[in-house]
Amino acid sequence: LTAAMNINQTLSDSSVALTLPNVMITLSRIAPFKRKSVVGNERWYEKIMLSYSGDFRNSINTKEDKLFKSNLQRDWTNGMKHSIPVSATFNYLNISPSFNYNERWYTSGVRRGQINNQIVPVDTFYRFKRVYDFNVALSFQTKLYGFYEPLIKVFGLQKIRHVFTPSISLSAQPDFSDPKFGFYESFKY
């Protein structure tokens, strides 16, 4: 857990940029399905690892005389981001599936619209808004070893070992601009 604050003040125009607090939470990688007392071989689901990170930020850009008169909901910009990566690695072929989930929480937002072929803010709303994204990935990797015996022995060289490491990676992420996710609204002008 880390917490910080940051303040930038410009004396010439009395502007203040304040971030208070900026809190970050990090959970190290854990194996939630690993047995406490191991009997026999490790099972496939025991190789699943996950971690968590969260970031809460609350900030404002204002003039010095308006700072203590500001409204937390209307004047401050605040939000929280969660990130939960899940992964596993399996032996021999080194198959590594992974799943990454990110979620952001906002307490306000801006609706934009098109006016005279320009996108401009048309409305500000003050309510909880949650957006997320996720992706999945799968990678394969292995090592192939070979030996070559040279015909002429130079410097006492008996064999030459060479390593070939082929790998393939696949990843996918949905189109979050699709209306079924509800992140974007249509606007008619």
Side-chain angles (χ1 to χ4, degrees), residues 1-30 48-88 96-141 167-189:
L1 174 69
T2 60
M5 74 167 278
N6 184 21
I7 185 167
N8 292 319
Q9 185 174 11
T10 306
L11 296 175
S12 62
D13 66 351
S14 74
S15 63
V16 175
L18 176 66
T19 301
L20 175 69
N22 184 9
V23 179
M24 290 177 272
I25 303 166
T26 305
L27 173 68
S28 300
R29 284 175 41 123
I30 60 169
I48 296 173
M49 306 288 284
L50 69 90
S51 62
Y52 169 81
S53 65
D55 186 4
F56 173 73
R57 194 170 300 213
N58 191 33
S59 60
I60 188 171
N61 291 321
T62 189
K63 297 292 182 183
E64 188 177 300
D65 60 338
K66 296 179 182 175
L67 179 63
F68 293 108
K69 298 174 186 171
S70 61
N71 182 307
L72 182 63
Q73 187 175 21
R74 295 194 181 274
D75 300 326
W76 289 72
T77 303
N78 40 42
M80 186 162 193
K81 179 183 178 188
H82 307 276
S83 181
I84 305 172
V86 180
S87 63
S96 299
S98 65
F99 174 79
N100 294 302
Y101 179 80
N102 297 300
E103 185 168 305
R104 289 164 297 285
W105 295 351
Y106 302 103
T107 57
S108 64
V110 176
R111 283 195 181 89
R112 300 186 192 292
Q114 184 176 353
I115 298 175
N116 296 331
N117 291 329
Q118 292 204 356
I119 297 184
V120 295
V122 292
D123 187 21
T124 302
F125 59 90
Y126 299 99
R127 61 179 167 80
F128 178 77
K129 180 74 173 170
R130 173 187 158 265
V131 294
Y132 62 89
D133 65 78
F134 58 86
N135 63 51
V136 294
L138 183 63
S139 65
F140 302 94
Q141 182 180 7
S167 65
I168 297 172
S169 295
L170 306 166
S171 63
Q173 177 173 336
D175 178 12
F176 291 102
S177 65
D178 190 316
K180 70 181 175 187
F181 290 104
F183 295 156
Y184 298 96
E185 298 174 359
S186 60
F187 176 79
K188 289 187 180 182
Y189 174 69

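Computed over heavy atoms, backbone and side chain alike; hydrogens, waters and symmetry mates excluded.
Annotation: side chain of Ile168 is not in contact with side chain of Leu138 (no heavy-atom distance under 4.5 Å). Between Met80 and Val23, the closest side-chain pair of non-hydrogen atoms is not below 4.5 Å. Inter-residue side-chain proximity for Asn22 and Asn6 is flagged as unmet; no heavy-atom pair is nearer than 4.5 Å. Side-chain contact check for Pro21 versus Met5: every heavy-atom pair is 4.5 Å or farther apart. Under the 4.5 Å side-chain criterion, counting only non-hydrogen atoms from C-beta, Asp175 is not in contact with Phe181.
For the atom pair OG1 of Thr19 and CH2 of Trp76, the computed distance is 8.0 Å after rounding to the nearest 0.5 Å. Note that the CZ atom of Phe99 and the CD1 atom of Ile84 stand 8.5 Å from one another [nearest 0.5 Å]. Arg130 CZ to Trp105 CH2: the interatomic distance, rounded to the nearest 0.5 Å, is 9.0 Å. The line from CG of Asp123 to CZ of Arg112 is 11.5 Å long, rounded to the nearest 0.5 Å. If you take OG on Ser96 and CZ on Phe140, they are separated by 9.5 Å, rounding to the nearest 0.5 Å. The CZ atom of Arg57 sits 7.0 Å away from the CE atom of Met24 when rounded to the nearest 0.5 Å.
Although no hydrogens or angles enter the test, the distance criterion places a donor-acceptor pair under 3.5 Å between the side chain of Asn58 and the main chain of Leu20.
Between Phe125 and Tyr106, the ring center distance fails the sub-6.0 Å criterion.
The shortest non-hydrogen separation linking Asn100 to Val86 is OD1-N, 4.4 Å. Listed here is the closest heavy atom pair of Tyr132 and Arg104: C-NH2, 4.2 Å. Pairing each heavy atom of Asn102 with each of Ser83, the nearest pair is OD1-OG, 2.9 Å. When every heavy atom of Gln173 is checked against every heavy atom of Phe134, the shortest pair comes out as CG-O, 3.3 Å. A pairwise comparison of heavy atoms in Gly182 and Lys129 identifies O-NZ, 4.0 Å as the closest pair.
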Identify all side-chain donor-acceptor contacts of residues 59-66 below 3.5 Å with residues at least two apart in sequence or on another chain.
{"residue": "Lys63", "atom": "NZ", "partner": "Asp13", "partner atom": "O", "Å": "3.1"}
{"residue": "Glu64", "atom": "OE1", "partner": "Gln9", "partner atom": "NE2", "Å": "2.4"}

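Heavy atoms of other residues, nucleotides or ligands lying less than 6.0 angstrom from CZ of Phe128 number more than 12.
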